Engineer: 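Encoded as structure tokens, here's the structure I'll be asking about.
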There are 2 protein chains.
Amino acid sequence: MNAGSEQELVEEWRGLLARHATVHNALETELQAQHNISVSEFEALELLASSDHGKCRGQDLTNVVHLSQSAASRLVARLERGGLVERVMCDLDRRGIFVVLTDEGHQRYSDAKPTHRSVLARTLRGEH
Amino acid sequence: MNAGSEQELVEEWRGLLARHATVHNALETELQAQHNISVSEFEALELLASSDHGKCRGQDLTNVVHLSQSAASRLVARLERGGLVERVMCDLDRRGIFVVLTDEGHQRYSDAKPTHRSVLARTLRGEH
DNA sequence: GAAGATTAAATGCACTTGCATTCGATGCGC
DNA sequence: GCGCATCGAATGCAAGTGCATTTAATCTTC
């Protein structure tokens, strides 16, 4: 399906762009206003919250947030500065780190989650 | 359709994010490497190329590029610096401006278009 | 027609981003 | 075990972004 004449491809891409912008902007605005976290930060917290012991490798985080490695590194730094996360050395491979959710981080995620879901429900309606 | 339990909504959003990132990154990389323009710049050129006389209001541009007003203003400034576009005063409403495509701008758009389409064809395949 | 509200665009500023590089730690070949 | 490629993460830096504000023009109300 979705074979795609050139025109169809372009229209699909424009739809994707518009949809992405709508949802992303709404999420950014509400998460920022109500919980003081960005979309990327929320994504990171969500990964951690769903991980065993609220802990994951730096790389796993990079893979999830759709950011460059350096941006992901700084994202972790911000979260750490905000007390939502801690970096701990990884003994098995001492190049790497574990990022672990703090209690406060878990709390903030739990608080933000309903907001996140409600924005999705509001903005992600209709045809795909 | 697409009623959406919470879980379904989240999955749809993640799919949208992933899809957007894939296509956007590929477009950015190839347009930059082969034609030295960004995705936003291409979008602006495309709007202009499809407009009457290759000319449109600053605002129309802002609406299309999914950027803030200030970012759109600077986008036009970059395009102008690069010689792809010119800003001309709008006599009917002298607050506003017209952005007009130069010959070189039209050429660059024509050159970049096949690249753009081919990236879409390559990356926008499969389920929506 | 003048005063105040509104609009289009530009700009100062702080922050985020990606690229390239760096630094240390692992792994591999020999 | 030694050197060299590779890998995970952090960082310097230039560039792009959004927010808030500014400037100038237009519209509204009286």
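From a predicted model like this one, the values you see are computed outputs, not experimental measurements. Just so we're on the same page: letters track the sequence lines, and every chain starts at 1.
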Engineer: Using atom CD1 of A/I97 as one end and atom P of D/dA10 as the other, report the distance to the nearest whole Å.
Structural biologist: 4 Å

Engineer: Distances under 3.5 Å between protein N/O atoms and the N/O atoms of nucleotides 14-17 of chain C, please, pair by pair.
Structural biologist:
{"unit_1": "C/dT17", "atom_1": "OP2", "unit_2": "A/R78", "atom_2": "NH2", "d": "3.2"}

Engineer: Does the B/T115 side chain pair with the main chain of B/L31, one donor and one acceptor, at a distance under 3.5 Å?
Structural biologist: no

Engineer: Quick test of your reading of the model: are B/E46 and A/R14 salt-bridged, counting only N-O distances below 4.0 Å?
Structural biologist: yes

Engineer: Between B/R108 and B/E41, does any NZ, NE, NH1 or NH2 come within less than 4.0 Å of an OD or OE carboxylate oxygen?
Structural biologist: no

Engineer: Using a distance-only criterion (donor-acceptor N/O pair, under 3.5 Å, no hydrogens), is the base of C/dA9 paired with the side chain of B/Q59?
Structural biologist: no

Engineer: With distance as the sole test, does B/S73 use its side chain to make a donor-acceptor pair with the main-chain N or O of B/Q69 at under 3.5 Å?
Structural biologist: no

Engineer: Using modelled atom types only, decide if a donor and an acceptor are shared between the side chain of B/T62 and the backbone of B/A72 within a distance under 3.5 Å.
Structural biologist: no

Engineer: To the nearest angstrom, how far is B/E80 atom CD from C/dA10 atom C1'?
Structural biologist: 12 Å

Engineer: Report each atom pair, protein N/O against N/O of nucleotides 1-6 of chain C, whose distance is under 3.5 angstrom.
Structural biologist:
none

Engineer: Would you call A/R125-B/E12 a salt bridge at under 4.0 Å N-O?
Structural biologist: no

Engineer: Atom CG of A/D93 and atom P of D/dT6: how far apart are they, to the nearest Å?
Structural biologist: 17 Å

Engineer: Just the rounded figure in Å: distance from C1' of C/dT26 to CZ of A/R57.
Structural biologist: 12 Å

Engineer: Check the pair A/L16, B/L16 against side chain to side chain contact (heavy atoms under 4.5 Å, CB included), reporting the backbone distance first and the verdict last.
Structural biologist: CA-CA 7 Å; A/L16 185 54; B/L16 185 53; 2.7 Å; yes

Engineer: Examine distances only and state if a side-chain atom of A/D60 and a backbone atom of A/R57 form a donor-acceptor pair shorter than 3.5 Å.
Structural biologist: yes

Engineer: B/M89 has an atom CE; how far is it from atom C1' of C/dA8, in whole Å?
Structural biologist: 11 Å

Engineer: Can you check the A/R87 CZ to C/dG24 P distance for me, whole Å?
Structural biologist: 17 Å

Engineer: For B/Q69 and A/G58, find the nucleotide of DNA chain D closest to each by heavy atoms; which residue's nucleotide sits nearer the 5' end?
Structural biologist: A/G58

Engineer: Can you check the A/Q32 CD to D/dC19 P distance for me, whole Å?
Structural biologist: 10 Å

Engineer: Rounded to the nearest angstrom, tell me the gap between atom CG in B/D91 and atom C1' in D/dA25.
Structural biologist: 13 Å

Engineer: For B/H24, which residues count as a ring pair (Phe, Tyr, Trp, His ring centres under 6.0 Å) partner, sequence neighbours excluded?
Structural biologist: B/H20

